[in-house]
Amino acid sequence: VAVDINQMSDLIRLEVLDRLKASFGDLYHMANTMLTASHTHTAPGGFSGYLLYDTTSLGFDQVNFDAIVAGIVRSVALAHASMAPQDVSLGTATV
């Protein structure tokens, strides 16, 4: 999941995985779920749980944190619900 925030934090990753586990059991876990950030400087702050990053936003902001986590979880749930069988093929060419 690519998220339009400045960095991905362990706090977000762990909360997302906890919430996904509540809905999907052991299907999504640390070894098969990738969360990454676009590194924008226009996203809300105060969500990382790290003092250095949260200081510029005057501390941790639970509302921002919850909104980001909920958005990620919803994105995974929507993607999961729309999965369908697909064919994958491999081709080669000589140039």
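Side chains are part of it too, since the values below use all heavy atoms of this structure and drop only hydrogens, waters and symmetry mates.
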Those residues at least two apart in sequence (or on a different chain) that pass side chain to side chain donor-acceptor pair (under 3.5 Å) with Ser38 are Asp4
For this session: With the side chain counted from C-beta on, respond yes when Leu35 and Val3 share a heavy-atom pair under 4.5 Å apart, and no when they do not.
Result: no
When rounded to the nearest 0.5 Å, the distance separating OG of Ser48 from CG of Asn64 is 11.0 Å
Sorted by chain and number, sequence neighbours left out, side chain to side chain contact (heavy atoms under 4.5 Å, CB included) with Ala43 holds for Ile5, Thr40
With the 4.5 Å side-chain cut-off for hydrophobic clustering, are Val73 and Met83 part of the same group? yes
The side chain to side chain contact (heavy atoms under 4.5 Å, CB included) partners of Phe24 (sequence neighbours excluded) come to Leu20, Leu27, Tyr28, Ala77, His80
Checklist line | Worked verdict on Asp10 versus Arg13 for side-chain contact (heavy atoms from CB on, under 4.5 Å) | finding: CA-CA 5 Å; Asp10 290 334; Arg13 185 181 324 279; 4.1 Å; yes
Closest non-hydrogen atoms of Gly46 and Ser57, given as atom of the first, atom of the second and distance, are N-OG, 3.3 Å
Counting only heavy atoms not in Met34, do more than 12 sit closer than 6.0 Å to its CE atom? no
Leu11 meets the side chain to side chain contact (heavy atoms under 4.5 Å, CB included) criterion, sequence neighbours left out, with Ser9, Phe60, Phe65
Distance col, row Asn6:CG vs His41:NE2, nearest 0.5 angstrom, shows 7.0 Å
Met8 and Thr36 have their tightest heavy-atom pair at CE-O, 3.8 Å
Sorted by chain and residue number, the salt bridge (Lys or Arg N to Asp or Glu O under 4.0 Å) partners of Asp26 (sequence neighbours excluded) come out as Lys21
Quick note, salt bridge (Lys or Arg N to Asp or Glu O under 4.0 Å) partners involving residues 50-69, not counting sequence neighbours, are Arg19-Asp66
